[in-house]
There are 2 protein chains.
Amino acid sequence: MARADLARQTCTIARAVSLVGDEWTFMILREMFLGGRRFDDFQRQTGASAALLSQRLKKLEAEGVIRKEAYSERPVRFEYRMTAMGRELWPAVITLKQWGDKWLGDGPAPVEIVHKSCGHVTEPQMTCSECGEPMAAHDAEPRLSEPFDTERQAMRKNS
Amino acid sequence: MARADLARQTCTIARAVSLVGDEWTFMILREMFLGGRRFDDFQRQTGASAALLSQRLKKLEAEGVIRKEAYSERPVRFEYRMTAMGRELWPAVITLKQWGDKWLGDGPAPVEIVHKSCGHVTEPQMTCSECGEPMAAHDAEPRLSEPFDTERQAMRKNS
DNA sequence: AGGGTCACTTCAGTTTCTGAATTGACTAAC
DNA sequence: GTTAGTCAATTCAGAAACTGAAGTGACCCT
């Protein structure tokens, strides 16, 4: 199966991955959450080639994750900003940061997160929406909904 | 800059991304969190080609995210399991699932998460480790540590 | 007039990925 | 005791994606 076909699966993880689950898209998102808005920023801070960057920004814009806005007429110059949809990718990026800090870092974390409303440096964590306790993989049991379960069983059989 | 060079950056997001931030790696992780362990499961449920799968599993094993274990001698057969390092990628996968469910889904979510200890279907959320309140992008202010900040300023200047 | 900025586009060469076939060490069925 | 099947791969040619460098167009600044 080609990468692009992930978008047509029932699984919403597959769909999300086909939209934002690649190396350079994550780098662009990181940059935006650090305040980057311009093509140039992205190019310098992420190291992506201009061609790639242009292609990815177009895709993200087409899917509604970011939006392009002129910040100057004459000359016409654009910058990119996140939509509500894009902003909600923050947990995905932060989560990778935490993991990277813990398992791949070799000193203090290069970026700290300050929680504006309480003023503290924070290490955001996943908690259960129902009981409020922190959650990890072993606390979670996935339950497949019926139609999706059937789809997966089918894959198990044929071939 | 080539994708592989991301691993050599100071930024721990870049490092994490170079290790697990690609389409098929996410699909493998999804599959493992749904209980998949064997080469065959991965192939069928993710749709990745055998060559790719083999390469990715090797990389993840080499980096310590998963481990390979024989589940049968004669014939020697292997399965893959997560290490502690791998298990801690759960929030990253869940976070993408939540986002996909909300923005890319077209019905009820194909997978629900049950919080074992409280028994409820849950929608895990990011909360501040200090005050316990839910957090989103606008509540967070990134603060660059000194050496990293300097590194980024430098990038801003030279071309 | 000459140089610089910014957001790209173009393109040749390289790398990575896909799909299909094949391998090797077995087991299970006829 | 051949034949078929299972499983975890590997091999390979063709296709797709990415890189790095150069170029473009609409300006501005001196």
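Here is how names work: the chains are called A, B, and so on, in the same order as the sequence lines, proteins then strands, and each is numbered from 1.
- B/F42 comes within 4.0 angstrom of nothing in the nucleic acid, heavy atoms only.
- Residues forming a salt bridge (charged side-chain N to carboxylate O under 4.0 Å, His left out) with B/R30 (at least two apart in sequence, or on another chain): none.
- Residues passing the side chain to side chain donor-acceptor pair (under 3.5 Å) test with A/D22 are A/T25, A/R56, sequence neighbours excluded.
- Under a hydrophobic-cluster definition in which Ile, Leu, Val, Met, Phe, Trp and Tyr are linked whenever side-chain heavy atoms come within less than 4.5 Å, directly or via other members, B/F78 and B/F42 are assigned to different clusters.
- B/W24 is linked by a side chain to side chain donor-acceptor pair (under 3.5 Å) to nothing, counting only residues two or more places apart in sequence or in another chain.
- For DNA chain D, the contact window with chain B, defined by any atom under 4.0 Å from a protein heavy atom, covers D/dT6 to D/dG20 in 5' to 3' order.
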Go along nucleotides 23-30 of chain C 5' to 3' and tag each nucleotide: B for a protein heavy atom under 4.0 Å from its base, S when only backbone or sugar atoms are that close, - otherwise. --BSS---
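- The two atoms that bring B/P142 and A/L34 nearest to each other are CB-CD2, 3.7 Å, heavy atoms only.
- Of the listed residues (A/R37, A/R44, A/R38), just one forms a salt bridge (Lys or Arg N to Asp or Glu O under 4.0 Å) with A/D40, and that residue is A/R44.
- Protein atom CZ of A/R38 is 5 Å distant from nucleotide atom P of C/dA7, rounded to whole Å.
- Residues passing the side chain to side chain donor-acceptor pair (under 3.5 Å) test with B/T10 are B/E151, sequence neighbours excluded.
- Contacts of B/F39 with the nucleic acid, taken as non-hydrogen atoms under 4.0 Å apart, include base atoms.
- Within residues 51-61 of chain B, the residues approaching DNA chain D are B/A51, B/S54, B/K58, by heavy-atom distance under 4.0 Å.
- Residues meeting the ring pair (Phe, Tyr, Trp, His ring centres under 6.0 Å) test with A/F26, sequence neighbours left out: B/F26.
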Return a table of donor-acceptor pairs under 3.5 angstrom between the side chains of residues 109-118 of chain B and protein atoms on other chains or two or more places apart.
| from | atom 1 | to | atom 2 | distance (Å) |
| --- | --- | --- | --- | --- |
| B/H115 | NE2 | B/S117 | OG | 3.0 |
| B/K116 | NZ | A/H138 | O | 3.4 |

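- Under the 3.5 Å distance criterion, the side-chain polar atoms of B/W99 are left unmatched by any main-chain donor or acceptor of A/G86.
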Show me the side-chain donor-acceptor pairs of residues 59-68 of chain B shorter than 3.5 Å, one per line, residues at least two apart or across chains.
| from | atom 1 | to | atom 2 | distance (Å) |
| --- | --- | --- | --- | --- |
| B/K59 | NZ | B/S18 | O | 2.9 |
| B/R67 | NH1 | B/E69 | OE2 | 2.4 |
| B/R67 | NH2 | B/M82 | O | 3.4 |

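- When the side chain to side chain donor-acceptor pair (under 3.5 Å) test is applied to B/T46, no partner is found at least two apart in sequence or on another chain.
- Atom pair A/Q43:CD and C/dC8:P shows a separation of 10 Å (rounding to whole Å applied).
- For the segment residues 2-30 of chain B, residues with any heavy atom less than 4.0 angstrom from an atom of DNA chain D are, sorted by number, B/A2, B/R3.
- Remark: side-chain polar atoms of A/W103 are not paired, donor with acceptor, to backbone N or O of A/Q98 under 3.5 angstrom.
- The separation between A/I66 atom CD1 and C/dA7 atom P is 13 Å, rounded to whole Å.
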